[in-house]
Each structure stands twice: as C-alpha cells, then as structure tokens.
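The next block holds one structure in the form of structure tokens; read it before the comments.
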Amino acid sequence: MSKRKAPSDDSDPNHDFCEFLTELADYEKNVVRNIHKYNAYRKAASTLAKLTYRIKSGQEARKLDGIGDKISKKIDEFLETGKLRKLENIRSDDSSTAIKELTRVSGIGPAKAKELYDLGITNINHLSNNVDKLNHHQKLGLKYLDDFETKIPRSEIKNVEEIINSTLSSIDSEFKVTICGSYRRGKDFSGDIDVLITHPAFTSNESKKLKNNKLHMVVDVLKKNNLITETISLGETKFMGVCKVGTLSRRLDIRLNPYDQFYCSVLYFTGSDIFNKEMRDHALSKGFTLNEYTLRPIGSTGVPGEPVEVQSEEDIFEYLDYPYKKPEDRNM
Ligand code: 8GT
Ligand code: MN
Ligand code: MN
C-alpha cells in the first residue's frame, strides 16, 4: 500500500512527513474517533504536500497554514530521530492494530471495528470465521476485500463511463452522466467509481416518485447489461454497489441529483473531501451555506435564504470570492 519515496524526491520533498501525518490522521479517525484531530493532521499533510522545497525544521513548518506547535514538534522529533514515539506506540498497540486491519473492509467503520475487537475478533482471518456478525455491506466488503484494495486505472473507469453512457442513452437520450471523485480530479488511479447522473425531467421541485423510479430504472438496466453485479444499498437518489468490467470487482457509487442542482452536485461529488471542507468553511466565512444541492446566503437571523442561481462550477467560486480551482487542483 505505502509507496515509499526518498525524502529528497524533487516532486515530493516532504513525502516522509506527509506519510507520518496521514498515519496519525487515520489513527485519530479509526481508533480515537477524534474527527477534529483527523482533520488537523490531514490539513497539515496537504499543506506540506503542496510545497516544492524541503522543510528543514519544525520552526520553519510552524509558519505554514495549518501547522501548529504540536505538529512542528513532531517534525523536529522526526528530523532528529527518524521516527516518532507516538507512532511506535500506536503500531505496537493491539487494539490499534486490530482496528486498523478491520477497517480495511468496506462497510466496517471505527465503531463496528471496535465492537468486533471487543468480541475478540482481531484480524481478517478471524472475521472470515465470524461473518454472522456482519451486515450485507460488510459481508460484500469482506468478500471483495482484495479487489476493492486494488486501485482502479483511469482506462478502466473510462470503459465504465462509456458503458454507462451508451446504456443510458439507449433508453433515454437526455440522461447526463459525469464521473466524479478522484477520476474527475485527474488521478491515474482511483479507489472507487463515483457516478453522478442527472436528467432534465428530474428537477428539485417535482414529486419524489419520479426520481425514485429513475434511479431504480438506471440500476436495473445496468444490471441487465451485466455491469452492476451487486447492490449494497439503493435509495431514492443514492446507489452503492459493485460493478465489473475487467477481471476485478469494483466499488461503484451512483448519485441521481436534480438537473437544476447539477453544479453544486458535481462540485461536491468531485471532492476531495478535504477540499470540500475548506470550501464549505470559506463559504460560511462569506455568509453562505454550501452543500451537495445548493448555495444559499445566510440571513442576519442565521436562516439560509433561497438558493442563488448557479450556471457553472465557476459561478459557485465567484459568488464566494474564492479563486477558481480546476478539478485537478482540488487534490488535497
Ligand atoms: P478515491 O479514489 O479513494 O475514491 O477518492 P475520492 O473519489 O476522492 O473519494 P470518495 O470517498 O469516493 O469521495 C468522493 C466524494 O464523494 C467526496 O469528495 C465526498 O464529498 C463525496 N462523498 C459522498 N459520500 C461519501 C462518503 O460516504 N464518504 C466520503 N469520504 N465521501 C463521500 O458522496
Ligand atoms: Mn471515489
Ligand atoms: Mn465514492
């Protein structure tokens, strides 16, 4: 999993710091379940990842956005000793190790992992003998663990995109399909496939019944076509499941969002999650609330008003006085 690079690598001069910060972030998310600390470590890693020069001391790092006293001390410790005591302790702790392993399974979050650990289940092998403790999603996560941990090359996602496009256009030429997530951000490899679908006949002010039928219809036709092989969950607007075009099974997410809310949806679903969080925080500082559907001004009473009209992703940035970032510049 970890692709180690020498710290001197020109393209990524602070890679080793980012690596330990990411490991600490995952520990905070999965074991401690402190989402604030998780965000703080991720933010610091993202700041360091953007630098084109090597950080020489904690003091130097301290001047950067999102790096405080504690993280700058860790950078010093790492520079002086080549490791971190905190990480050494985490790595040698049984419950941390077990929770880290169990959360590899799609559908097993930190709380479920802790529950399993408390039942004495400490590794994947144990888990395979205790599938009765798992729900439908978690069972599929275990079944396809190896496949889901294998990154998906762009070419394969492009293939899926073409299959979905041609399948949907053969039933209704007005479907609009956009592959979002890390693929839209230009990554060479992705963890899953995130598909956003809209249709002009499905807008935010119409009855729920129609959208219900539409996503079910989409999933049905993609199943008949043998693209979708498993369903994890299927709601009115959200499908989670599994698809297969090559030799491996892949996690597939589909969203069906209203046509008039396409640009907020595509922004949200493109991510990254850290980028989304920064943009939402920025929106709040400008007196707006931004979500997967709309951008709304917050009035003096604190109640969000009517959504502003948005004709492009750029419009959203412009409303917020936020310098436009192309999808490939949202990898943080
Ligand atoms: P990946 O290559 O690991 O899949 O990277 P990704 O494509 O950036 O991550 P993702 O987890 O597939 O999320 C893509 C976007 O979908 C995120 O930016 C986020 O806003 C949105 N998203 C959802 N549901 C969820 C969810 O349950 N977890 C996460 N992490 N993101 C979600 O729509
Ligand atoms: Mn994704
Ligand atoms: Mn996803």
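Order of appearance sets the numbers: ligands from 1, and atoms from 1 within every ligand. For clarity, every value in this text was computed on a predicted model and none was experimentally measured.
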Under 3.5 Å, N or O to N or O, is Gly191 touching ligand 1 that way?
->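 Yes, there is a polar N/O contact under 3.5 Å.
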So [Y] and [X], do their side chains get closer than 4.5 Å, heavy atoms only?
X: Tyr53; Y: Glu60; answer: yes
X: Ile35; Y: Glu28; answer: no
X: Leu116; Y: Ile108; answer: yes
X: Tyr183; Y: Ile152; answer: no
X: Thr178; Y: Phe262; answer: yes
X: Met217; Y: Leu168; answer: no

SB check [X] [Y] (cutoff 4.0 Å):
X: Asp65; Y: Lys43; result: yes
X: Arg296; Y: Glu306; result: no
X: Glu292; Y: Arg280; result: no
X: Lys277; Y: Asp281; result: yes
X: Asp192; Y: Arg250; result: no

When you look at NZ of Lys112, are more than 12 heavy atoms from neighbouring residues, nucleotides or ligands closer to it than 6.0 Å?
->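 Enclosed: over 12 neighbouring heavy atoms sit under 6.0 Å from NZ of Lys112.
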Between Thr198 and Asn257, is a side-chain hydrogen bond (donor to acceptor under 3.5 Å, both in side chains) present by the stated rule, with each step listed?
-> CA-CA 6 Å; Thr198 54; Asn257 279 12; over 6 Å; no
May I ask you to list the atoms of ligand 1 that are less than 4.0 angstrom from any heavy atom of [X]?
X: Asp273; answer: 18 (O)
X: Ser272; answer: 18 (O)
X: Gly181; answer: 7 (O)
X: Asn276; answer: 18 (O), 20 (O)
X: Gly271; answer: 18 (O)

Scan the protein's non-hydrogen atoms and note whether one is under 4.0 Å from [atom].
atom: atom 18 (O) of ligand 1; answer: yes
atom: atom 22 (N) of ligand 1; answer: yes
atom: atom 29 (C) of ligand 1; answer: no
atom: atom 8 (O) of ligand 1; answer: yes
atom: atom 25 (C) of ligand 1; answer: no

Among protein heavy atoms, which sits nearest to [atom], and what does the distance come to when rounded to 0.1 Å?
atom: atom 33 (O) of ligand 1; result: Arg255 NH2, 2.7 Å
atom: atom 13 (O) of ligand 1; result: Asp194 OD2, 4.4 Å
atom: atom 15 (C) of ligand 1; result: Phe269 O, 3.4 Å
atom: atom 27 (O) of ligand 1; result: Lys238 NZ, 4.7 Å
atom: atom 32 (C) of ligand 1; result: Tyr268 OH, 4.3 Å
atom: atom 5 (O) of ligand 1; result: Ser182 OG, 3.6 Å

Over all atoms of both residues, closest heavy-atom pair of Tyr117 and Ala98 |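 What the structure gives for the nearest pair is CD1-CB, 3.5 Å.
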Ligand 1 versus [X], non-hydrogen atoms closer than 4.0 Å: side chain, backbone, both, neither?
X: Glu292; value: neither
X: Asp192; value: both
X: Ser190; value: both

What about Tyr259 and Phe202, are their ring centers closer than 6.0 Å?
->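 They do not qualify: ring centres at least 6.0 Å apart.
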Report the C-alpha distance between Tyr144 and Glu230 in whole Å, list the side-chain angles of each, state the deciding distance to 0.1 Å, and finish with yes or no for side-chain hydrogen bond (donor to acceptor under 3.5 Å, both in side chains).
-> CA-CA 11 Å; Tyr144 296 113; Glu230 310 261 20; 2.5 Å; yes
The protein N, O or S atoms lying under 2.8 Å from the Mn ion (ligand 3) are Asp192 OD2, Asp194 OD1, Asp253 OD2
Has Arg251 got any heavy atom lying under 4.0 angstrom from an atom of ligand 1?
-> no
Assess Arg185 for proximity to ligand 1: is some non-hydrogen atom of it under 4.0 Å away?
->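 The answer is yes, since Arg185 has a heavy atom less than 4.0 Å from ligand 1.
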Hey, what's the ring geometry for Tyr322 with Phe317, parallel, tilted or perpendicular (30° and 60° as the breaks)?
->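 It falls in the parallel class, under 30°.
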